[in-house]
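Beneath this line is the structure, given in structure tokens, with notes to follow.
It should be emphasised that the depicted structure is a prediction, and the values quoted were computed from it without experimental measurement.
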Amino acid sequence: MTKPTTLHEFSPGLADVPAARSSISYVDGQAGLLEYRGIRIAEMAAHSTFLETSFLLLFGHLPTPDELHRFSQDISHHRRIKYRITDLIKCLPEQGHPMDALQAAVAALGMYYPARQVLDPEIQYWSVVRLIAKVPTIIAAYHRLRRGDHEIHPRDDVYHASNFLYMLTEKVPHPSLAKALDTCLILHAEHTMNASTFSGMVTASTLADPYSVVASALGTLKGPLHGGATEEVVHMLEEIGSRERVRTYLEKRLAAKHKLMGFGHRIYKVKDPRAIILQKVARGLAEDCGASTLLDLAEEVERVGEELLRDKGIHPNVDFYSGALYKTMGIDPDFFTTIFAMARVSGWLAHWLEQIKDNKLFRPDQIYEGPHGRAYVPIDRRVRGVE
Ligand code: ACO
């Protein structure tokens, strides 16, 4: 007999309920600590690259030079997307949300690379390579095609982040721009049991293919309480407009019980360690490019927001500074969450590999609060509200 669930055990939003055992990443929300496979995020941001970080997350160890060379080569050789995927992207409405375009194209990718044998190591490896390689190509293609520009084919002689910016602009970017994007990708690659990862894991637990796993996670990441906040932060900054208006705007917004976008986190009770690094990267880039206005405004919002929300343990999260950075890179605001996705695909797939190694179908319980034993009333005798 199954154990009856009591109201006492219910945790809204599954807060503090462990959903898996994992050795991929670790977060301490009080200390502001995030580690990938035991290595602190600041170390990764200072010394690693996104592809090396992906390898670490996926396979559990830092790669040797040969392993990294092979992984990077495999990824650069699989960047192209089939012309039919490009055709599919061309058919999508230009006013649609880029996350929907990405989700549709990733689901369609799975039709070209059937991966039903999810326990086959070859299928696992090549699915991971294809998804990490092709997601940036899809994003860049939609970024250009919806403006009426032609898509730019990827280059396999250019590093991951540079290649992405190249596919947006047809120019190999300045190294400082590519480095800043690569750091953003490292910082967004993984973050324990968050909503999109959980969503992907639920799909993975049915032994669905990895393209469906990523498509599920993409749908969840899109929401404004999760990855969608990056875009909302920039809208909020644009609405504020100038440093002088910050305090009045924030006070009004909080009085109306609206949240400050890019602030707050289920786990962090201090400033998100990724926001600390991103702020420095954004400052460096803004100075290099002479474009610091949005960042100056963001820093003022942080200062006043901290003052107003500190008592609740609410501080800037990873999404707070990434928007200002992506704007400096010339990326359209509604594409910001797709950059998050381009990074997080590695984390989602690391969890996919971990999940299916020792799988159990996710099938949580619920607390039923409805009636029992009601009579079926024939349609000609039904009166709304009276039964
Ligand atoms: N601005 C103002 N108040 C806030 C904020 C915020 N950004 N975040 C939380 N609060 C307040 C709530 O109003 C609530 O106050 P109350 O107790 O007086 O009612 C209290 O803090 C608890 O908030 P919850 O939303 O219940 O806490 P939860 O842990 O579910 O929130 C969340 C986490 C969803 C991220 C929330 O902080 C939020 O909505 N932030 C804004 C959106 C955002 O930036 N999301 C990105 C998160 S990072 C990521 O997903 C990559």
Side-chain angles (χ1 to χ4, degrees), residues 24-25 27 34-37 39 41-42 44-58 71-72 75 79 98-99 102-103 106 128-140 143 154 159-165 167-168 173 177-197 199-200 210 213-215 217-222 226-231 233 262 272-275 277-278 281-282 285 317-326 329 331 335-353:
I24 300 169
S25 63
V27 58
L34 171 62
E35 293 173 337
Y36 290 170
R37 300 277 185 190
I39 305 175
I41 191 71
M44 295 304 294
H47 306 298
S48 188
T49 60
F50 173 66
L51 290 186
E52 185 185 61
T53 300
S54 299
F55 187 101
L56 171 74
L57 293 169
L58 289 158
F71 185 60
S72 306
I75 290 201
R79 285 185 179 140
M99 282 296 281
L102 179 58
Q103 191 184 33
V106 165
V128 160
V129 163
R130 285 198 179 98
L131 278 157
I132 296 175
K134 294 183 196 302
V135 161
T137 314
I138 293 170
I139 299 169
H143 199 275
Y159 181 69
H160 202 69
S162 305
N163 172 63
F164 175 69
L165 294 170
M167 290 189 293
L168 292 183
L177 212 59
K179 174 74 190 127
L181 178 60
D182 202 50
T183 308
C184 292
L185 298 180
I186 293 172
L187 296 174
H188 284 87
E190 158 64 8
H191 203 252
T192 73
M193 190 57 65
N194 55 85
S196 56
T197 299
S199 171
V213 169
V214 172
L218 284 167
T220 307
L221 184 68
K222 183 186 169 195
H226 193 12
T230 317
E231 182 185 338
V233 171
D272 185 328
R274 300 165 297 173
I277 301 169
L278 279 174
V281 175
L285 194 65
N317 61 47
V318 66
D319 288 334
F320 190 69
Y321 284 106
S322 33
L325 253 167
Y326 300 150
M329 290 172 189
I331 298 168
F335 271 81
F336 293 169
T337 314
T338 65
I339 314 298
F340 189 150
M342 181 172 144
R344 188 55 63 85
V345 78
S346 299
W348 292 330
L349 291 168
H351 283 275
W352 167 60
L353 292 175

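When all heavy atoms of Ala215 and Val106 are compared, the pair lying nearest together is N-CG1, 4.1 Å. Smallest separation of non-hydrogen atoms from Phe320 and Gly262: CB-O, 3.4 Å. Minimum heavy-atom separation, Asn163 to Pro154: OD1-CA, 3.5 Å. Contact between Ile186 and Ile41 at its shortest, heavy atoms only, is O-CD1, 4.2 Å.
For the pair Thr337 (side chain) and Gly227 (backbone), a donor-acceptor distance under 3.5 Å is present. At distances below 3.5 Å, not a single donor-acceptor pair connects side-chain atoms of Asp182 with backbone N or O atoms of Thr49. Put simply, the side chain of Ser199 never gets that close to the backbone of Ala195: no donor and acceptor are under 3.5 Å apart.
Annotation: side-chain contact (heavy atoms from CB on, under 4.5 Å) contacts of Thr338 (sequence neighbours excluded): Pro98, Met99, Leu102, Ile139, Phe335. Applying the side-chain hydrogen bond (donor to acceptor under 3.5 Å, both in side chains) criterion to Trp352, with sequence neighbours excluded, gives no partner residue. In this structure Tyr321 satisfies the ring pair (Phe, Tyr, Trp, His ring centres under 6.0 Å) test with no other residue, sequence neighbours excluded. By the side-chain hydrogen bond (donor to acceptor under 3.5 Å, both in side chains) test, Ser72 pairs with no residue at all, sequence neighbours left out. Not a single side-chain hydrogen bond (donor to acceptor under 3.5 Å, both in side chains) links Ser322 to another residue, sequence neighbours left out. Ala350 pairs by the side-chain contact (heavy atoms from CB on, under 4.5 Å) definition with Ile24, Leu57, Leu58, not counting sequence neighbours. With sequence neighbours excluded, the residues satisfying side-chain contact (heavy atoms from CB on, under 4.5 Å) with Glu35 are Tyr26, Leu33, Arg40. For His226, the ring pair (Phe, Tyr, Trp, His ring centres under 6.0 Å) criterion is met by no residue, not counting sequence neighbours. Scanning for side-chain hydrogen bond (donor to acceptor under 3.5 Å, both in side chains) contacts around Thr183 gives an empty result, with sequence neighbours left out. Listed by chain and residue number, His188, Asp272, Arg274, Leu278 satisfy the side-chain contact (heavy atoms from CB on, under 4.5 Å) test with Val318 (two or more places apart in sequence, or in another chain). In this structure, Lys179 has no salt bridge (Lys or Arg N to Asp or Glu O under 4.0 Å) partners at least two apart in sequence or on a different chain. Phe164 is linked by a ring pair (Phe, Tyr, Trp, His ring centres under 6.0 Å) to nothing, counting only residues two or more places apart in sequence or in another chain.
Taking the side chain as every heavy atom from C-beta outward, Thr192 and Thr197 never approach each other to under 4.5 Å. Taking the side chain as every heavy atom from C-beta outward, Pro136 and Arg79 never approach each other to under 4.5 Å. Under the 4.5 Å side-chain criterion, counting only non-hydrogen atoms from C-beta, Ser54 is in contact with Phe71. Annotation: side chain of Leu168 is not in contact with side chain of Met329 (no heavy-atom distance under 4.5 Å). With a 4.5 Å cut-off on side-chain heavy atoms, Ile132 and Val128 count as touching.
A distance of 12.0 Å separates CG of Leu165 from OH of Tyr159, quoted to the nearest 0.5 Å. Annotation: the span from Glu52 atom CD to His160 atom NE2 amounts to 14.0 Å, rounded to 0.5 Å. The CE atom of Met342 sits 11.5 Å away from the CD1 atom of Ile138 when rounded to the nearest 0.5 Å. The CG atom of Leu34 sits 8.5 Å away from the CD1 atom of Ile277 when rounded to the nearest 0.5 Å. From Ser25, atom OG reaches atom CG of Leu56 across 10.5 Å, with rounding to the nearest 0.5 Å. Note that OH of Tyr326 is 8.5 Å distant from CZ of Phe336, once rounded to the nearest 0.5 Å.
A side-chain N or O of His351 and one of Glu190 form a donor-acceptor pair less than 3.5 Å apart.
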